[in-house]
Asks: 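This is the structure, below, for whatever I ask next.
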Amino acid sequence: MRYSQYLLPTLKETPSDAEVISHQLMLRAGMIRKVAAGIYNYLPLGLRSIRKMERIVREEMDRAGAIELLMPMTIPAELWEESGRWKEYGKELLRLKDRKEADFCLGPTHEEVVTDIVRGTVRSYRQLPLNLYQIQGKFRDEIRPRFGLMRGREFIMKDAYSFDLEEAGADAAYEKMYQAYRRIFERCGLRFRAVEADTGNIGGTSSHEFMVLAESGEDSIVSCDSCEYAANVEKAELRQSAATAAPPAASLQKVLTPSRKSVEEVAEFLGTTPDRLVKTLIVETDTGEIVAVLLRGDRELNDIKLSRLLGCNWAELASEETVLKVTGAPSGFAGPVGLKLRILADWEVREMSDAVAGANEKDAHFTGVNPERDFAVEAYADLREAVAGDPCPRCEGRLEVWRGIEVGHVFKLGTKYSASMGATVLDDQGRERILFMGCYGIGVGRTVAAAIEQNHDENGIIWPMPIAPFQVIVTMVNPNDEQVSLAAEQIHAQLLALGVESLLDDRDERPGSKFKDADLIGIPLRLTVGARALKDGQVELQHRRSAERTMLALEEAAARVAQQVRTELQMD
RNA sequence: CGGGGCGUAGCGCAGCCUGGUAGCGCACCUGCUUCGGGAGCAGGGGGCCGGAGGUUCAAAUCCUCUCGCCCCGACCA
């Protein structure tokens, strides 16, 4: 491709509405342009990287025995009504009507459609196992799209769905996909972790997320420093410690704490530390229940663990009015002593003695508070957020905390969709059996964005070779110098003939601009063809990542570059 | 949806408070010079100042309403 004929609108300045580095660089490098919030054009350069990513995904899906098909983006409401998700899914599902006023939605995920295919076409256990996938645009009307391709409303996703007769077969399918995902992200040269995850509203029994490690990630994950355990903080288990509480020494005493509401303020005012406080949170659930949750003062509630314990969909901090009503005091003074609510407590609270807690009275706290002696707890459980340094739930190691970008997610679905939609086959005994399913997603655009988060410097993107839009850029230093332009053209042609993806910068621009653009768009290798070196029959090869330069003889330049490309494709 | 902020040329911004010729840098077009890390000079094109209504002799500027976008929280590939 010739740069002068290409559509590659680079930007010198950073558009003001881009916050994270991948978004800024994708705009500046002319890869994407915004059409509406969370909706983007993929410009030619951006599309090339996306297609590379898709190819890697296809290769690994095919290798794992999955079969590609393509489902529609527009889906009739009936299918969603069958699974029950037409009502459940909420506003993220973009609903629309056709000219006959019939309800449709834009597919945010395709469990219903694929289940419909399978129940209509697969009748016998002999046709199993089956794993169907597609790469397609999805639409989710996100509450807050942001960060460019990282969280768009319309985005490209690879989604796969496995169907098995037995649960064991479904487990094997899951494991296959898990390994395929590892290979995909390894091939892209990404630093990532596969972590245990919550299943969210997709449903099912267990799942893993693939997290690319990056500071700008929207998720927190923990991993053990000595074993393989890794999990999303939402899911990270904590062990019950063996420590026991010291016997109560102090008696319960009410003290005035005027206007001291936060844990820090109360601790400081009473000359103690936050970990000596019992934090009492009043929580409301979607089922309308109100409960009190106790945590050590320096800990945070993990609302997903709480929801799971209570068997509800969500649990959130109660409003100021509710707190006043149930505790008799404004928020900041709630405590377990004398509280007429279900009381649940984190395990750590059991280890506390002579602690400080709210008195359910404005401007007052209790000191000398002791669990069991001063209040009863309905249940102790793992309810807090894991933090760095917590003990690993599986071994003697310690947990580390990372930020991550979720680029893939694998789920065991069980029979949630196959049962509600009647996807069954006859087994070898002629009995009708409900299928076991799994679903497996990869955010294609998001993975490309995540790769940029991990691979850039102050000058721009540094593509890993496997997903680079071009493998080499041939920079013609002075296109008006006939010898230079001839030599550059010749090398470019040789590279193409060798199967190397080459971009020839033949623009009549000053060299500085060309170098800046080459760095910005992040092509891994740059061949600079200039009059100076050409006098000695040489061209210069520069690596984008290391900035290392080598002089190559004109005749062997193309072959050497082709060799380097092959090496980097295998290494990454 | 709650909280904060922004809409002026393709991009980055000033002007608004205190109403009166719509401006700057980059980009773009023409010419000359220049040419290995975002050149110089000269000339030029480009604006329903997000939209609607109002106040006023006069509105980018003041008022009201709307739409869009960004950031912080709950959702997710």
Side-chain angles (χ1 to χ4, degrees), chain A residues 9-20 23-24 27-28 30 33-39 53 57 89-93 108-109 135-160 181 197-202 207 209-212 218-219 232 234 286 303-304 307 313-317 319 405-411 439-450 459-460 475-481 484 508-520 526 528-534 539-540 542 547 549:
Chain A
T10 57
L11 261 28
K12 241 192 243 190
E13 285 167 300
T14 304
S16 58
D17 55 3
E19 189 74 5
V20 298
H23 188 198
Q24 293 175 357
L27 287 167
R28 288 192 55 208
R33 283 290 125 97
K34 188 172 68 184
V35 179
I39 299 177
M53 184 67 216
V57 170
Y89 210 89
K91 289 195 173 168
E92 258 180 60
L93 187 65
T109 175
I135 296 176
Q136 179 206 39
K138 292 281 189 279
F139 195 96
R140 293 183 190 173
D141 201 357
E142 293 277 348
I143 301 159
R144 186 151 89 86
R146 60 183 144 173
F147 301 161
L149 295 196
M150 208 86 98
R151 178 178 298 279
R153 290 194 289 173
E154 184 176 318
F155 58 99
I156 298 172
M157 178 174 166
K158 185 285 301 180
D159 45 326
Y181 275 35
D198 189 63
T199 50
N201 71 356
I202 302 281
S207 78
E209 289 168 334
F210 288 78
M211 294 284 190
V212 168
E218 298 184 81
D219 290 277
N232 193 307
E234 291 175 346
D286 60 325
D303 57 338
I304 296 203
S307 303
N313 289 320
W314 51 259
E316 61 181 21
L317 291 183
S319 66
I405 300 166
E406 182 190 354
V407 292
H409 203 158
V410 293
F411 296 86
C439 75
Y440 318 93
I442 287 180
V444 174
R446 186 185 279 185
T447 305
V448 171
N459 294 316
T475 301
M476 207 184 263
V477 174
N478 186 347
N480 298 317
D481 181 320
V484 167
D508 187 11
E509 290 288 337
R510 295 171 61 83
S513 302
K514 296 183 164 190
F515 295 146
K516 288 288 186 192
D517 276 335
D519 287 350
L520 176 61
R526 187 182 86 206
T528 309
V529 183
R532 222 165 53 190
L534 205 56
V539 295
E540 178 193 277
Q542 179 162 357
R549 302 176 190 202

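Chain A is the first sequence line, chain B the second, and so forth, proteins listed ahead of strands; every chain is numbered from 1. Side chains are part of it too, since the values below use all heavy atoms of this structure and drop only hydrogens, waters and symmetry mates.
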Asks: Expressed in whole Å, how much space separates the P atoms belonging to B:rU18 and B:rU64?
Replies: 15 Å

Asks: To the nearest Å, give me how far apart NZ (A:Lys12) and P (B:rA27) are.
Replies: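 Computing the A:Lys12:NZ to B:rA27:P distance gives 4 Å.
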
Asks: With no angle test and no hydrogens, is the base of B:rG37 tied to the side chain of A:Asp519 by a donor-acceptor pair under 3.5 Å?
Replies: yes

Asks: Categorize A:Gly530 for me: base, sugar-phosphate, or nothing, with a 4.0 angstrom heavy-atom threshold over every strand shown.
Replies: base

Asks: Any side-chain N or O of A:Arg151 less than 4.0 Å from the OP1 or OP2 oxygen of B:rA74?
Replies: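 No, no such contact exists.
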
Asks: Which nucleotide, in any strand shown, forms a Watson-Crick or G-U wobble pair with B:rC69, with both distances under 3.5 Å?
Replies: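 The answer is B:rG5, by the H-bond criterion.
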
Asks: Output all residues satisfying side-chain hydrogen bond (donor to acceptor under 3.5 Å, both in side chains) with A:Lys514, sequence neighbours left out; order by chain, then residue number.
Replies: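 In terms of side-chain hydrogen bond (donor to acceptor under 3.5 Å, both in side chains), with neighbours along the sequence ignored, A:Lys514 is linked to no residue.
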
Asks: With rounding to whole Å, what would you report as the distance between B:rG3 and B:rU61 at their P atoms?
Replies: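 About 26 Å, rounded to a whole number of Å.
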
Asks: If you check the A:Ser513 side chain, which of B:rC75, B:rG37, B:rA39 turns out closest?
Replies: B:rA39

Asks: What is the nucleic acid contact for A:Gly443, judged by heavy atoms within less than 4.0 Å: base, sugar-phosphate only, or nothing?
Replies: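 Base contact.
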
Asks: Partners of A:Arg549 by salt bridge (Lys or Arg N to Asp or Glu O under 4.0 Å), sequence neighbours excluded?
Replies: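 Listed in chain order: A:Glu540.
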
Asks: Just wondering, do A:Phe155 and B:rA77 stack (centres under 5.5 Å, planes under 30°)?
Replies: yes

Asks: Under the side-chain contact (heavy atoms from CB on, under 4.5 Å) test, which residues partner A:Glu234, sequence neighbours left out?
Replies: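 With neighbours one apart ignored, the set is A:Asp198, A:Asn232, A:Ile304.
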
Asks: Which value, in whole Å, describes the distance between the P atoms of nucleotides B:rC48 and B:rA22?
Replies: 14 Å

Asks: Determine the interatomic distance between C1' on B:rG73 and the same-named atom on B:rG54; round to the nearest Å.
Replies: 37 Å

Asks: For A:Asp481 and B:rG36, what is the distance between atoms CG and P respectively, to the nearest whole Å?
Replies: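 Taking atom P of B:rG36 as the reference, CG of A:Asp481 is at 11 Å.
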
Asks: Please give, in whole Å, the distance from B:rA74 P to A:Glu316 CD?
Replies: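 From A:Glu316 CD to B:rA74 P: 11 Å.
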
Asks: Can you check the distance between B:rG20 and B:rA60, where both ends of the measurement are the C1' atom (answer in whole Å)?
Replies: 13 Å

Asks: Quick test: give all pairs of protein nitrogen or oxygen and nucleotides 28-34 of chain B nitrogen or oxygen below 3.5 Å, distance rounded to 0.1 Å.
Replies:
from   : atom 1 : to       : atom 2 : distance (Å)
B:rU34 : O2     : A:Arg510 : NH1    : 2.8

Asks: Nearest 0.5 Å, what's the CZ-CD distance between A:Arg526 and A:Gln542?
Replies: 4.5 Å

Asks: Name the nucleic acid region contacted by A:Glu209, choosing base, sugar-phosphate or nothing; use a 4.0 angstrom heavy-atom cut-off, strictly under.
Replies: nothing

Asks: Rounded to the nearest angstrom, tell me the gap between atom CG in A:Asn459 and atom P in B:rG37.
Replies: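 Atom-to-atom, A:Asn459 to B:rG37, this comes out as 14 Å.
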
Asks: In Watson-Crick or G-U wobble terms, both distances under 3.5 Å, what is the partner of B:rC16?
Replies: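 With both distances under 3.5 Å required, B:rC16 matches none.
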
Asks: Considering only the P atoms, how many Å lie between B:rG7 and B:rG43, rounded to the nearest integer?
Replies: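 After rounding to an integer number of Å, I get 32 Å for this pair.
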
Asks: CG of A:Asp219 versus C1' of B:rC76: gap in Å, rounded?
Replies: 9 Å

Asks: With sequence neighbours excluded, what pairs up with A:His409 under the side-chain hydrogen bond (donor to acceptor under 3.5 Å, both in side chains) test?
Replies: A:Ser207, A:Glu406

Asks: Mind checking the P distance from B:rC17 to B:rG10? Whole angstroms is fine.
Replies: 25 Å

Asks: Measure the distance from CD on A:Glu142 to C1' on B:rA74 and round it to the nearest whole Å.
Replies: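 Taking CD of A:Glu142 and C1' of B:rA74, I get 12 Å after rounding.
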
Asks: Please name all residues satisfying side-chain contact (heavy atoms from CB on, under 4.5 Å) with A:Gln136, sequence neighbours left out, ordered by chain then number.
Replies: A:Leu70, A:Met73, A:His110, A:Gln134, A:Lys138

Asks: Could you give the NZ-to-C1' distance, from A:Lys34 to B:rC70, as a whole number of Å?
Replies: 7 Å

Asks: Does A:Arg153 make a side-chain N or O approach to OP1 or OP2 of B:rC76 shorter than 4.0 Å?
Replies: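 It does not, given that no N or O in the side chain of A:Arg153 lies less than 4.0 Å from OP1 or OP2 of B:rC76.
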
Asks: Go through the structure and list residues passing salt bridge (Lys or Arg N to Asp or Glu O under 4.0 Å) with A:Glu154, not counting sequence neighbours.
Replies: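 Per chain and number, A:Glu154 pairs via salt bridge (Lys or Arg N to Asp or Glu O under 4.0 Å) with no residue.
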
Asks: Using the P atom as the point on both nucleotides, what is the distance between B:rA58 and B:rA42, in whole Å?
Replies: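 Those two atoms are separated by 41 Å.
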
Asks: Does any nucleotide pair with B:rC11 by Watson-Crick or G-U wobble geometry, both distances under 3.5 Å, and what is it?
Replies: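 B:rG25 - that is the nucleotide pairing with B:rC11, both distances being under 3.5 Å.
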
Asks: Could you tell me which residues satisfy side-chain contact (heavy atoms from CB on, under 4.5 Å) with A:Pro15, sequence neighbours excluded, listed by chain and number?
Replies: A:Leu11, A:Asp17, A:Leu27, A:Arg28

Asks: What's A:Val407 touching, base or sugar-phosphate or nothing? Going by heavy atoms closer than 4.0 Å.
Replies: sugar-phosphate

Asks: Which nucleotide in the list B:rG37, B:rC75, B:rC72 gets nearest to the side chain of A:Phe147?
Replies: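 Side chain of A:Phe147 sits closest to B:rC72.
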
Asks: From A:Asp508 CG over to A:Asn480 CG, what is the distance, rounded to the nearest 0.5 angstrom?
Replies: 4.5 Å

Asks: Shorter than 3.5 Å, N or O on both sides, protein versus nucleotides 46-48 of chain B: list them out with atom names.
Replies:
none

Asks: Taking pairing as Watson-Crick or G-U wobble with both contacts under 3.5 Å, can you name the mate of B:rU56, or confirm there isn't one?
Replies: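 Partner of B:rU56: none.
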
Asks: With sequence neighbours excluded, what pairs up with A:Arg510 under the salt bridge (Lys or Arg N to Asp or Glu O under 4.0 Å) test?
Replies: none

Asks: In Watson-Crick or G-U wobble terms, both distances under 3.5 Å, what is the partner of B:rA74?
Replies: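 Looking at the geometry, B:rA74 pairs with no nucleotide.
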
Asks: Just verifying a value: how many Å separate A:Leu149 CG and A:Thr447 OG1, rounded to the nearest 0.5 Å?
Replies: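 Between A:Leu149 CG and A:Thr447 OG1, I get 10.5 Å after rounding to 0.5 Å.
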
Asks: Is B:rG38 paired to anything, Watson-Crick or G-U wobble with both distances less than 3.5 Å, and if yes, which nucleotide?
Replies: none

Asks: Reckon A:Gln542 touches a base, only the sugar-phosphate, or nothing at all at heavy-atom distances under 4.0 Å?
Replies: base

Asks: With sequence neighbours excluded, what pairs up with A:Glu316 under the salt bridge (Lys or Arg N to Asp or Glu O under 4.0 Å) test?
Replies: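 Scan of A:Glu316 (salt bridge (Lys or Arg N to Asp or Glu O under 4.0 Å), adjacent residues dropped) gives none.
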
Asks: Sugar-phosphate atoms are those with a prime plus P, OP1 and OP2; base atoms are the rest. Using that split, label each nucleotide of nucleotides 1-15 of chain B B, S or - for protein heavy atoms under 4.0 Å, 5' to 3'.
Replies: B---------BSS--

Asks: My understanding is that a pair needs two contacts under 3.5 Å, Watson-Crick or G-U wobble. By that rule, which nucleotide pairs with B:rG47?
Replies: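 By the stated definition (distances under 3.5 Å), nothing pairs with B:rG47.
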
Asks: Using whole Å, what does the distance between atom P of nucleotide B:rA77 and atom CD of A:Glu218 come to?
Replies: 12 Å

